[in-house]
Each structure stands twice: as C-alpha cells, then as structure tokens.
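Every chain is numbered from 1 and lettered A, B, ... according to where its sequence line falls, protein lines coming before strand lines.
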Amino acid sequence: MEYKFTDIEKKWQDYWKKNNTYKVETNSSKPKYYVLDMFPYPSGSGLHVGHPLGYIASDIFSRYKKHCGFNVLHPMGIDAFGLPAEQYAIQTGRHPADTTAENVQRFKTQLGAIGFNYDWDREVITCDPNYYKWTQWIFLQLFKSWYNKEKDKAESIDELVKIFSTEGNMSVNAVTDYEFAFSEDEWNDFEEKKKQEILMSYRLASLSYAEVNWCPELGTVLANDEVKDGRSERGGHPVVKKKMRQWFLRITAYAERLLNDLDALAWSDSMKEMQRNWIGRSEGALVFFDLPEFNMQLEIYTTRPDTIFGVTFMVLAPEHPLVDVITSPDHAQEVLDYRNYVQSRSERERQSEVKKVTGAFTGALALNPFTGEKIPVFISEYVLMGYGTGAIMAVPSDDDRDNAFATHFNLPIIDVIDKGMYPGATRDDKLGKMINSGFLNGMEVLDALDAINTEIEKREIGKRRVQYRLRDAIFGRQRYWGEPIPIYYKGEVPYPLDESELPLLLPQMEDFKPSEDGEPPLAKLESWKYAPGKASPHRGEASPPTPLQRRGESEQSHVASQKGIASPRPSPEERESEPGYHTSEKKSWETLKEQGRELRKNQTEAEEVLWERIRNNIISHKIRRQHAIDIFIADFVCLSKKVVIEVDGGVYLDAEQKEYDKHRTYELEQRGFEVIRFTNDEVKKNTDEVVAKIKTKLDSKPTMEEYNSPDSPSPLERGAGGEAFRLETTTMPGWAGSSWYFLRYMDPLNDKAFISKEAEQYWQDVDLYIGGTEHAVGHLLYARFWQKFLFDRGYVSKVEPFKRLVNQGMITGVSAFANKIGDLEYVITGETEFDSNKRPQIFVSKNKIEKAIKERDTAFLLPAFKKHFQATDFNKVQIKFGDTPIAKPKQVNVSLVSSKDELDINDWVKTLQDEGHYEIITEDDGAFICTREVEKMSKSKLNVVNPDDIIGQYGADTFRMYEMFLGPIEQSKPWNTNGIDGVSKFMRKLWRLFYEDTKFLVNDEAPTDQELKVLHKVIKKIREDIERFSFNTCISTFMVCVNDLTDFKCHKKAVLQELVVLLAPFAPHVAEELWEQMKNEGSVTAVAYPEFNQKYLVESAFEYPVSINGKLRTKIELALNIEQGKVEAEVLASEVIQKWLEGKPPKKFIYVPGKIINIVV
RNA sequence: GCCCGGAUGGCGGAACUGGUAGACGCGCUGGAUUCAAAAUCCAGUAAUGGCAACAUUGUGGGGGUUCGAUUCCCCCUUCGGGCACCA
C-alpha cells in the first residue's frame, strides 16, 4: 500500500468533524492551557504559504499540550471590521458585508485543508452583532469610568459624581484634562450641560477637541500607530494634522502600568522594547522661569535640570499661546512671518528637514532662576506643542539641537559638565562633573540631578515630573465598516445608550463610501436616530436631520472657545499624566489663572461694552446674549429678524480663528441666520459706528415671522425633550474588536455577559500567543490596555492578557526575473537604413547575458536585430553596450520557473502577447535561465506560492512538516518549494516502516536495547524542542529516527506506536491512519504523549575527544565510571598522544567526565 | 541620530548552561537499477594540499578572557527591524 495522503487526509478531516474531536469544554478537572493565534482579517486574495506558519506552530503546540494532559483552548476567528475589509470592498465595487462573508468562507476552506485542531464552535467574527454588542458594551464601560490616580485604577463615573457633589473636585486625584477647580456647591449649581462637559474630561472614553491624524484619501482619522512617516499604514496615503472633535480612549492613564507590567511577560526583548519606546517614559522636572516684564512665568519641562546653569536662552513652540502675550512690538512682524512659515510647511516637509535650524526672537527676556541672568526667548518649530509644556530651557552645551540653534543665532554656550574623565560619553550617559554651576560644582551628574531637583522643589519654582510620549488613542473613524459607537446626542451633549439597547446595529447602506470632507457615511442616513424605548434604535422614526446634525465635527470649536485658554496651556496628554494639576501648588495655579484672564480680558471687555450699548440703544428689537442656536451659542442674536452679531476673539492663531469663524458663519446661515461680525478693536474703538450698523441691519430687514416666541424653550432645550435623538455617526476603529476577542473565545455564545465569571475564572489568560511583530504597538498595546481596564472594573482576574508571545517570522518569496537588454549604442558606418526607435524588448538568459557583458560581446544580438530592423547591410552596424547593459529585469511568475531557475518559455510568451515586439535569447542548449531575488511575497511581484497547490501535490502533513522544517519559527526566511522533496521522501520512508506494498510489516517482537535507545533519545529531544519552540530541529530528529529504524529494519509495534504518537502533533492525518492500522481504538489525539525514560540511554562508555592545546587530535573510548586517577595514565598511553607529546610531560591535564579531555603541553 | 536583533558550506539551517563546528534537508558529484527517463537506493560532499592515513585553515573583520570561544567581553564592518526634532 502506498502513502495516499489525499485519501488519508480527507478521511481523517471528516472523522474529526463527525466526532467533534476538537470540541473544547470549559468544565474540566484538567489544568487549562490557552493557545491563541492572532486572528486574521480577510484580505480577499486568500492565503499564501507564509500565512499558515504561525497557525501550524500553534497547532502543533496545542496538540502536544493536549497529549500532555491539558485541557487546551485553541480557537480561531476573523477580524472582519475595519479599513482593509472596507477598502477591499470599495476596490471591487461591492458591499463589505458580502466580500467579507466570501473571504471568510474561502479562508476557512483553506485552513480546513491544513488539518488544524480548532474548535470552530467557538469562532468569533468581529462584525457579528452578537460579538460587537459586547465591544459596544466595553466602550460604554470605558465611557462610564474615570481613572483614580490615588488608587491607580479605573472607577465608576457615578462614584466621581458623588464626590463632586459632596466635596467638589479639589480632593480628586484623577487623570483628566479638566483644568479648573470647583466646590461641591458650585458643582451642584452647574447646569446639566456643564456637568456633562466636565465629566467628559474625566471619562476614559471621551469626546474632545484635539489635533488628529486626518487622512483625506481614506476619509478618516487614524490613531498614531496607524501612521508611518506621515503616511497611512494602509495604502500609504498622506496624513495631515487637523483639529477635530473626536472620540479618544484615555490609554495614557495606563502608561505606567503598561510599562511596568512588561517585565513579567515572556515576550521577546525587541517586542518589549518597541512597547517601551512607544510609551516613552522620561523623568525630569517642570520648572518656572520668570518673565519679569510681564509679571508672568514660563513653565518648561526638562529631563536635565542639572544643566540649568548652562541655560542661555528659551524656546517656545510657535503655536504656544504665550507667544501672543510676550512678543514685543518690534519683533511682532518677525514672529508673525515665522509662524506663517511654520504653518505653510507640511508634516512631511518638516520631518524630512529635521536638521534645518529655523526660529525667531520674540523680544522677550526670561530670568534664569539660578544664575539670575536675563536670557532671550525664541520660538522654533523644533519645540513641539504636543510634548511637555511646549516650551524648553535650552542648554547649548549639552543638547545637539540647542547647540545648532545657538550657533545659528550666535547665542552664548556655557559648558556645565566636564566629561574629561569619560572620553566619548554623551549627554545621555549622564556622566561627568558639574562645572560653572554654582552650588552643583564638583558633583557627579547623577548627584547633581538629585540636588537640583531638591532645590527646585524647596524653592517652589518647579517639581519633579514623569512624562510619557504615549498619546491618547483616537477612537472614532469617519467610515462605515465598523462598530457603531453607542452614543446619542441631546443637543450637543453626548449620552450613552442604555446597555439593554445593545447591540446598536450597523445599518445596511448602499452608499457607504467615505467622503473627503470628513462626513461619516452614517451621517447620510436620515434614520440614524435613537428613539428611547424602541427595539431597533437605528430604525427609530425621526425627522430629517438638519445640516448641522450631519456635521459631527462643528460643535467642538464652540466648546473649546468656552473653556477659555489658560496659558501656558498644557496639552491634554500632559494633563493625563499629571492628574493633580489643578490641585497642585497654589502658585502655579494662580499663575495659570492670571494668564488666562489676561488673554480673555480683551474679548470679554468688548462684549461687555457692546451689550451695554445694545440694551440701551436698540430697544426696538429683542436681542439675546449668549443664546443657543442648535449647538451654537451666538454672542448676540435677534431671533425675530434672524440676525446674529458676533464679536471675534483672538483665541486661536489667526488662520485657525478665521477657519473657525467661517465655518460658524456657514452653519448659522444654513439655519437662515444672517451673521455680522466685528472685531474686538472695532467694538472698543468705534462703538458708535458698530451699534449704528447693527441697528441699520435690523431695521432694514423685512419683518419675518418670529422664529420662536420669547417664552418658548431654546432649540437646545427642545432637542433634549424631543422624541428621537441623533446618534453618533463615527464608527469604531479596526482595533476595537481585536482588543478583547481573546476573552470572548472563553465563552463565545454568552448573550448575558461578554464572558461568564466561570469561563473567565477557568481560562483566565492566554498562555501562548502567536502572531506577527507588526502588531507590536497597535493591537498588543490596546489589548493590554483593555484587559487592565476590565481588571480594574472587576470583570477579569488577570492584569495581563498574554503571558507568552512568540512572533513568527515572515516567509518571503523568491522572485524570478528575465534579464532584459538595456542601453545599447549603435555605430553605423556607411549608408544603412536603421530606425533604432523600433527596438524590440530583448530578453536574454542569465548566463548568456552575464558572459556577454563581461566580454563586451554583442554578437549574439545580431540575429534579433536582423529580424526586427530593416537594414541593408548589417556589417555596417556595430552594437555596443551602453552604461546600463541590463535594463530593469522583467518580473516572471514563479510558477513558470523550474527548480533550476529555468523558465518555461512557451507558457511565458503567452503573457507577453500584448507587449509589442520582443525577442528571447536562450542559452546555447535552449534553456532560458532567470535571475532570482528574495522579496516579500505579494501578488504584484508574481512570487506568491499558494498552499492549496502544495497540499494538492504533497499533502497537508508534508506541507505542515516542511513549513516547520524551513527554519526557526521567529526568523524570516525564503520559501523554496524545491526543498519540500526532502520532507516528502521522509514521509514515504516513514510509511515504509509500516507497509511494503500491501504487506503490513508491524510485528509484536520485543525491541532491542539499541532500538529503545533511539526511541527514547527521540522522545527526550522532541519534548524539549517543542517546549522551546524549536520545531525545525524536531523534524530533523524525526528524520534521523526514521533513518535509524530503517537501518535496523525495525517494524516493531512497541517502537513504532510510540513514534506515531510523537509525530501526531506535527502530521496528524498520517498519525491517525497509522494508529488505526495498528489496531488501536479511537483518535490518536487523546493518547498520552510518550514518556522519556533515562534508563534506556545509560551508557557504560564514552568516546572522548582528546585535544592537545585545544586542538582535536584523537578519540579514546573510556568507561564512564572510570576512576579519576586512571584517566591520565590511560590517555597518555595512547600512541597518537605520545606522538604529539614528543616525550615531554604534559603541563596540564583537563578531564571533563562525559565531555572532553584536553592536554596542555 | 537613537534603540533592538542578526551575520556559520553552493542554499535553508544545526550545535540548548563555553567542551568533537557544519546535525537534518536541498543542491551537486559518482555509482546501482532501467532499452531510456522519472522514481528509488548506495557512496561522497567546508576549503586547501595529499592516492591515503593525515596536515593546515575555517563560524562577517580585529583584539581580549580561557586549558578550550560560533557561544563571554571590547572595537569595527554589514544586513534586517523599530523609533525619530519627545527637551
């Protein structure tokens, strides 16, 4: 009987299905083990041989663990929501729901052919409402939670409300970007809207106005990890910075824990390092520098306060709010020009010109608190508003950028660290002795750091502070194919959907494409409203949405302007890592408030003046102040005439303010209002003129029916009392569903909870997680974050989701190329017709072209030329190679290329038909040889190898074995189909231990010692190697074993049966078949793994390698129990050794029992 | 620029805590079988010299520690990955 893998594999795959062999039960007395693969997203192009690598490894490992007596959870699912799936649908002009379903089906068929032991009953698909119901539920928990810094955990927002109403927020140590203090009485007096606004800045899932990564091409915002080098990770489209109102997850609250808990994880160093870098913790200090001219302080962040005596200037980010305040009139133009220059530069331009030194002097001077020196304050784009306080103290002696800046602007440089003792030491080494540094002089850097920090805190001019680079995760996507965010709006205030209303279903839409202006597809849906109490929220009856309601982004500007700006304005990120900001030192708080007031005074004054005059002078019209029109609060409005009067602030940078005003005007006009604007200056200086203009406008307008009676509720209030509310129109990002899917596998069908307590208690966490490195800072960080959050809220019992992580390397493809003749020079003598523009593409076999170029010999080209050119006399045409004799080689489909790099020309020319003229020049023997190159496997490179083909030709078991045999799992390596013959031969050789033709060879004879030794060596090695994930050496071991047993002609059941079980995790189909042939009952998967027994390996003697001076000279067999003293005599008696010693006595004799003998002469 | 990980025959790779470098497989060479080919089997295969026994060299390069280094330490070259004006 032959090894008929096709029949065998079909037979056992059917058997497994029929017998539910891989069903996993949660109720078990066995210890649990959880093996997880990173679930795939369905890409549409199917699997190539690289994809299953990790799945095969995890399959082997989980089968092995089952054999070892564990109850193993090994599930599989599909990550179906998100950008890739949606982009694929758009490209193919179909609906993502359809393409996803198709791709999932195809994916499962492909996986099924490989023979994995997944329990498909536990399948999780992220776009399934039964699943995303709970994704939405977790989002709601985040929304309803805040981070208590005191206890270092997330808590219910209800608790926070309780504290606010009894104590105010002074005693709350929270992660928040809310910057003001209030008492319990103040809280209780706040309006609902104000309360919600405050709470929003405490929630872990929050809506806030911030600079985001906007990708116009994809029509959505992206999280930081989805952007690489100023382009989107998916598709490589340009990404720009844009201020928008967006949903964020406050992952920064967990920065410290995400960092610290890495230590205990069994992940690769590089993986942990990547996460550490991404979190980017740095220790330093906040320090205030006085600005004596303004009676203000400038707050900076530095990691090197020890160098403060070397500070010779300060630098602010160009958009730093304080710049407006401190810029002196004679530098105003310079600063304005510089700001315009900065704004004109794109993110990519900026990144590519990092080394360029630019900046402008504000004219202001600051006071170095330690030297008392007056130092100039500059602005420059190398200081980023988003990190620290957006301001730095510059130490040109020890910081490269500061140094370049100082050199460029001719600023003094004072050395403060003597690194003479440490040649080659850099700033980051923190080595050296302090000089020119007052009381720090003579101290080592590390001591100086401590001393200065203490001094800074003592003098209350700053404090120690830990800073992170990690930013909050942008959560909303202006796309269709994602989980709807379960939030609805009463007016502008977002409220959570009731949990009983989940899932909030993604509505079926025909036109789901994103728009470039950022309007989410769901906004186009008129029925996208929430009617409380109705079963299907998104189908709730609703009136058509107003234009405003379609524009989710417009309202935030308003909120931001209301907040006012305190300066220096720390970023929200900064506030999260410094929750106690508003309750911190009184002095800094006072400074902030003072500065904020200063900035707003101008604007408020103008408004106050105008209001006074309107009330007194325009009595014929009813004008309201600060009245809400939908979500806009107009400065002044006359409702009956539909006229809005606005006084422009100078809150933002000019360009931004204009943009904001323009937008506001547009929205109000959409509502039928006319908008007239005045600037602060106009109002203050020409008040009469302004009032007159308003009066004229109001008088001139024809009388209209009143928009509202004076006593009716404002539109805002009406919205809140209405029947249906608009729903959030952005959807969740792709990583939402993947941030907790590993938990759902524990209890996938539960419709009462995201997982049951029992299931969670039993399975707990993932013991082994296998996947690619590309998720290092995305998925793996978000999943850890969600796990910690759920832990805080008492829903899971482990702080970390993935104990051990193994990253499979990439399997690259070996592309094939046909060399093409490139530059040629024609030297024509005499009269010849010759049109070189008609040159054909000339493909030349590898060896031929290489030889020709080496010898500069072009004679072989002549026949091709004669065929394609009209020339009267080719003797007069000379052809020479130009500068690039080989043109860009043409990519050839690897399936047309043999193991010897020979191209199947007949099939290939079919693909060349529409390429115009071409000519193929082969080797002399008629073969055409390609050049080859290792590249990433991809369709466009024509180097994709499909696992279906391999399985069809060699079988799934051979395919599995070969994938493992290629090399270490974590290493990236090229796929070479040729090598599979070796594994294929092995499988047949294995089969021949059991069968010769139709004769079943297995007998019941007792095994010899030698056979048992071989077997137990294999048992030991396989067990060890599986545990340390060295599967390639496992395959070698099996090969050695089968070779040995073949040599022994061993067909003994006692040996072969064990071998079959050992092999079962690797080649499950053939193992099942042979197990059955040996008359065993049931599936081999349930059998205990063979135990290693030392006694079969005990040797009495060992053949010692004997070296002289470390060089191997001979081998001598000695008994292992030989007495120590006898060894030397025995060895020295050897003829070979005698020869090498040349009669001299050895200086030293080293004897390592069971290992080696070394003699030093 | 900074951080992390690599570099071993013609190729993929092995050598686990320092102890016989090149396991296993591909490829290649020779042989058996065959009318022939495929398939299969046997032998050889790091380089150099030698019929051979054997000798010399050899794990990217240089230096060090050690009786002994692919393995540990220092410097350099180079490839891959990550981060990148983060104060």
Nucleotide nearest D981(A) (side chain, heavy atoms from C-beta), chosen from C24(B), C4(B), G27(B)
G27(B)

Does U40(B) have its OP1 or OP2 closer than 4.0 Å to a side-chain nitrogen or oxygen of R992(A)?
no

C67(B), C24(B), A87(B): which one has an atom nearest the side-chain heavy atoms of I1150(A)?
C67(B)

Between Q971(A) and G13(B), is there a side-chain N or O to OP1/OP2 distance below 4.0 Å?
yes

Distance col, row S232(A):OG vs N213(A):CG, nearest 0.5 angstrom, shows 10.5 Å

Ring centroid separation for F1029(A) and F1031(A), is it under 6.0 angstrom?
yes

Taking NZ from K1155(A) and C1' from U17(B), how many angstroms apart are they, rounded to a whole number?
9 Å

So R281(A), base contact, sugar-phosphate only, or nothing? Heavy-atom distance under 4.0 Å.
nothing

Please measure how far the P atom in G19(B) lies from the corresponding atom in C4(B), and state the result in whole Å.
26 Å

Using a 4.0 Å heavy-atom cut-off, does D1025(A) contact any base of the nucleic acid, only the sugar-phosphate backbone, or nothing at all?
nothing

Sugar-phosphate only, base, or nothing, as touched by L966(A) at under 4.0 Å among non-hydrogen atoms:
sugar-phosphate

From the options C41(B), G81(B), U20(B), select the nucleotide whose nearest atom is closest to the side chain of K985(A).
C41(B)

Counting any heavy atom closer than 4.0 Å, what does V383(A) reach on the DNA or RNA strands: base, sugar-phosphate only, or nothing?
base

Ranking A23(B), A87(B), C16(B) by distance to the side chain of R1028(A), first place goes to C16(B)

Find the distance W278(A):CH2 to G81(B):C1' and express it as a whole number of Å.
15 Å

Applying a 4.0 Å non-hydrogen cut-off, can you work out what S1036(A) is touching in the nucleic acid: base, sugar-phosphate, or nothing?
base

Can you tell me how far P in U40(B) sits from the matching atom in U77(B), rounded to whole Å?
49 Å

Counting only side-chain N and O atoms of R276(A), is one of them less than 4.0 Å from OP1 or OP2 of C2(B)?
no

Rounded distance in Å between the C1' positions of U78(B) and U8(B):
16 Å

Please tell me which of the listed nucleotides, U56(B), C67(B), A87(B), lies nearest to the side chain of V1160(A)?
C67(B)

With a 4.0 Å limit, can you tell me whether K1115(A) has a side-chain N or O closer than that to the phosphate oxygens OP1/OP2 of U20(B)?
no

Under 4.0 Å, heavy atoms only, any strand: does W1140(A) hit a base, just the sugar-phosphate, or nothing?
sugar-phosphate

Quick one: look up who A47(B) pairs with, Watson-Crick or G-U, both distances under 3.5 Å, and put none if it's unpaired.
U56(B)

Students often get this wrong, so: under 4.0 angstrom with heavy atoms, is K1147(A) touching a base, only sugar-phosphate, or nothing?
nothing

Is there a Watson-Crick or G-U wobble partner for G30(B) with both distances under 3.5 Å, and which nucleotide is it?
C42(B)

Rounded to the nearest angstrom, tell me the gap between atom OH in Y1104(A) and atom P in C67(B).
21 Å

Watson-Crick or G-U counterpart of A36(B), or none if no pair lies under 3.5 Å
none

So which of L411(A), T312(A), I414(A), V311(A) actually passes side chain to side chain contact (heavy atoms under 4.5 Å, CB included) with P396(A)?
T312(A)

At less than 4.0 Å, is any side-chain N or O atom of N1032(A) found next to OP1 or OP2 of A14(B)? Yes or no.
yes

Rounded distance (Å) that lies between atom C1' of C4(B) and atom CG of N277(A):
8 Å

Is Y301(A) close enough to A87(B) that one of its side-chain N or O atoms is under 4.0 Å from OP1 or OP2 there?
no

Nearest to side-chain heavy atoms of T1033(A), which nucleotide of A14(B), U20(B), U56(B)
A14(B)

Would you check if K1017(A) and V1040(A) make a side-chain contact, meaning some heavy-atom pair closer than 4.5 Å?
no

Using the C1' atom in both, what is the distance from U70(B) to G13(B), to the nearest Å?
14 Å

Determine whether more than 12 heavy atoms belonging to other residues, nucleotides or ligands lie under 6.0 Å from atom CG of D400(A).
no

Could you check which of A87(B), C85(B), U57(B) has an atom nearest any side-chain atom of K1111(A)?
U57(B)

Base-pairing mate for G5(B) - Watson-Crick or G-U, with both contacts under 3.5 Å:
C79(B)

To the nearest Å, give me how far apart CG (L1112(A)) and C1' (G68(B)) are.
12 Å

Atom CG of D400(A) and atom P of C2(B) are separated, to the nearest Å, by 10 Å

What is the nucleic acid contact for K1021(A), judged by heavy atoms within less than 4.0 Å: base, sugar-phosphate only, or nothing?
base

Looking only at the side chain of L384(A) (C-beta and beyond, no hydrogens), which of the listed nucleotides C67(B), A55(B), A87(B) gets closest?
A87(B)

Could you check how far CD of E963(A) sits from C1' of C24(B), rounded to whole Å?
18 Å

Indicate syn or anti for G68(B), taking the glycosidic torsion and treating anything within 90° of 0 as syn.
anti

For N1158(A) and G18(B), what is the distance between atoms CG and C1' respectively, to the nearest whole Å?
13 Å

If you measure only the distance, is there a donor-acceptor pair under 3.5 Å linking the side chains of D402(A) and Y382(A)?
yes

Taking a pair as Watson-Crick or G-U wobble with both distances under 3.5 Å, which nucleotide is matched to G18(B)?
none

Kindly point out which of C16(B), C26(B), A14(B) is positioned nearest to the side chain of N978(A)?
C26(B)

Using purine N1 to pyrimidine N3 plus N6-O4 or O6-N4 for Watson-Crick, or N1-O2 and O6-N3 for G-U wobble, both under 3.5 Å, which nucleotide pairs with A69(B)?
none

So, do F959(A) and Y954(A) have ring centers that fall under 6.0 Å from each other?
no

Are K989(A) and U40(B) close enough that a side-chain N or O sits under 4.0 Å from OP1 or OP2?
no

What's the gap between C24(B) and U57(B) when it is taken at their P atoms, as a whole Å value?
27 Å

Identify the nucleotide, in any strand shown, that forms a Watson-Crick or G-U wobble pair with C24(B), with both distances under 3.5 Å; if there is none, say none.
G12(B)

Residue P968(A), side-chain heavy atoms: nucleotide from G13(B), U20(B), A87(B) that is nearest:
G13(B)

Only residue of L53(A), T812(A), N1032(A) satisfying side chain to side chain contact (heavy atoms under 4.5 Å, CB included) with K973(A) is L53(A)

N-O pairing of D225(A) and R471(A) below 4.0 Å
no

Check the side chains of E1027(A) and Y64(A) for a donor-acceptor pair under 3.5 angstrom, ignoring hydrogens and angles.
yes

May I ask you to evaluate whether R469(A) reaches the phosphate of C85(B), defined as a side-chain N or O under 4.0 Å from OP1 or OP2?
no

